[in-house]
Amino acid sequence: VPSTCDWRKAGAISPVRNQQHCNCCWAIAAAGNIEALWAIKFGRSVEAWAHTLSLLAPELIDCDRCGNGCKGGFVWDAFLTVLNNSGLASEKDYPFDGSGKTHRCLAEKHKKVAWIQDFITLQAFEQSAGRMGTRAGTVAPDSASLPLQHYQKGVIQATPTTCDPVQVNHCVLLVGFGKTKSVEGRQGKAASFGSYSRPRHSMAYWTLQNSWGTHWGEKGYFRLHRGSNTCGITRFPVTARVDKPNKRQQVSCPP
Amino acid sequence: GSLRGQDPGPQPLELKEVFRLFQMQYNRSYPNPAEHARRLDIFAQNLANAQRLQEEDLGTAEFGVTQFSDLTEEEFVQLYGNRVAGEALGVSRKVGSEEWGHS
């Protein structure tokens, strides 16, 4: 496992989206996970596929098994929707309006541009996600959302009082991990609070893509301390599995 | 330099100015003076919350004014949160069935 990993540098991560008035972080995280896996597995950047791939959420939201995807949902439900619909249509065919309203599921009407074989929940996340993240791509974990309301930048290492690791109520996309330099700072703050004594040692962190637009956080991303289950990031880490089609001829049982 | 004992935090006039800048930056307007006053109160409360987060954070994160600073925690969770996974899955409940008489 390398000490750092950033799938954005490989062009595997689709742009930061804005869920607007729709509680669909779960669908955006799932779509981002699938897009990244396709980009990684098939060796093309998401940008290069923008016209054909750029999956998103609308199909997942409308075709959610509860039919009410803007009222919240779960990443595993998104993956089940993809499996049940035998794939996902492109965002071009199935646009996202952010209005918060769901529509009739139109999945059958559109050509499928991506699909998955399976999805899995990672065990021992903080140990395995690095390995998974490096080899297989991104992961879509849950996180508690409250400190994020006021987050501007830097690595969050919250305590259970400020960020309950049990009440995870937001889905995001893990795109990489790394370590801060020993003096990453809190200097030059304009609209945040004072310059507290900061850790002099380097800090390991996860890099996560949020779905609140690029004006939030670090251009739409945030970082959580790695190794302390900050904000419950280890609770429900899920990833789709995308593999190249097996070209071997299938063997069936002889009569 | 901690804020404690050095910087008393935004004063009323300063707060109104910070709020005005927030409104400009995020293009916020409110339908009437009462709502404006209510949002200003929420904004002040959120600055206090951000300061608490800042004090208790063990990392390098910075907290302060964001596009969500005029929302209460409840509004924020309702608008931008998700269902709580553990509750929906029932994982917080005891595993096993009473009907079977053993876990």
Side-chain angles (χ1 to χ4, degrees), chain A residues 19 21 23-26 71-76 142 144-159 161-163 166-171 180 184-186 189-199 203 205 211-213 215-217 222-225 228 230 232 235-236, chain B residues 1-10 14-15 17-19 21-22 24-27 42-43 45-89 91-92:
Chain A
Q19 65 186 70
H21 303 294
N23 294 59
C24 60
C25 57
W26 60 278
K71 298 274 182 214
F74 302 108
V75 173
W76 44 88
D142 277 13
S145 69
L146 270 181
L148 304 182
Q149 182 178 5
H150 310 295
Y151 173 81
Q152 293 179 329
K153 63 179 179 178
V155 180
I156 301 174
Q157 187 179 1
T159 61
T161 31
T162 53
C163 194
V166 177
Q167 295 289 310
V168 290
N169 61 354
H170 188 44
C171 299
T180 62
E184 177 167 338
R186 286 178 173 172
K189 298 199 290 183
S192 59
F193 295 98
S195 38
Y196 294 84
S197 56
R198 74 191 66 117
M203 291 187 80
Y205 61 81
S211 51
W212 297 340
H215 295 296
W216 177 87
F222 67 108
R223 287 177 291 161
L224 285 182
H225 178 254
S228 60
T230 283
R235 284 208 83 197
F236 299 108
Chain B
S2 157
L3 278 179
R4 277 172 241 139
Q6 290 185 16
D7 181 351
E14 225 180 294
L15 177 69
E17 180 59 15
V18 175
F19 188 56
L21 292 172
F22 161 80
M24 281 171 58
Q25 186 177 354
Y26 296 109
N27 199 22
I42 293 166
F43 183 80
Q45 182 60 51
N46 277 333
L47 287 189
N49 290 344
Q51 188 167 353
R52 187 173 62 87
L53 284 169
Q54 186 77 75
E55 285 170 352
E56 294 188 18
D57 186 66
L58 303 171
T60 64
E62 295 181 15
F63 299 92
V65 175
T66 69
Q67 67 215 69
F68 308 120
S69 291
D70 63 344
L71 300 175
T72 64
E73 275 187 4
E74 292 73 26
E75 287 171 329
F76 175 73
V77 169
Q78 196 178 8
L79 288 169
Y80 296 97
N82 194 20
R83 291 186 236 166
V84 176
E87 285 174 7
L89 283 173
V91 294
S92 57

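Proteins get letters first, then strands, A, B, ... in listed order; numbering begins at 1 in each.
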B:Tyr80 side chain near A:His170 side chain, heavy-atom distance below 4.5 Å = no

Is A:Ile156 close to B:Phe63 at the side-chain level, that is, under 4.5 Å between some pair of heavy atoms?
-> yes

Taking all non-hydrogen atoms of both residues into account, name the closest pair between A:Thr162 and B:Arg52 and its distance.
-> CG2-NH1, 3.8 Å

Assert top hit (heavy-atom pairs under 4.5 Å, partner chain B, pool A:Cys163, A:Ala158, A:Cys25, A:Pro147) equals A:Pro147

Can you name the closest pair of heavy atoms from B:Leu58 and A:Thr159 and give their distance?
-> CD1-CG2, 4.3 Å

From CD (A:Gln149) to CG (B:Asn46), nearest 0.5 Å | 5.0 Å

Name the member of B:Phe68, B:Phe76, B:Tyr26 that forms the most heavy-atom pairs with chain A at distances under 4.5 Å.
-> B:Phe76

Heavy atoms only: give me the nearest A:Gln19-B:Leu79 pair and the separation to one decimal.
-> NE2-O, 4.1 Å

Part of B:Leu21 lying under 4.5 Å from any heavy atom of chain A = neither

Which heavy-atom pair separates A:His150 from B:Thr66 by the least distance, and what is that distance?
-> C-CG2, 3.6 Å

Within 6.0 Å of CD in B:Gln78, more than 12 heavy atoms from elsewhere | no

Where is the tightest heavy-atom contact between A:Gln157 and B:Gly59, given as atom of each residue plus distance?
-> CB-N, 3.6 Å

Where does B:Glu56 contact chain A at under 4.5 Å (heavy atoms): side chain, backbone, both or neither?
-> both

Note, A:Met203 side chain near B:Thr60 side chain (heavy atom, < 4.5 Å) = yes

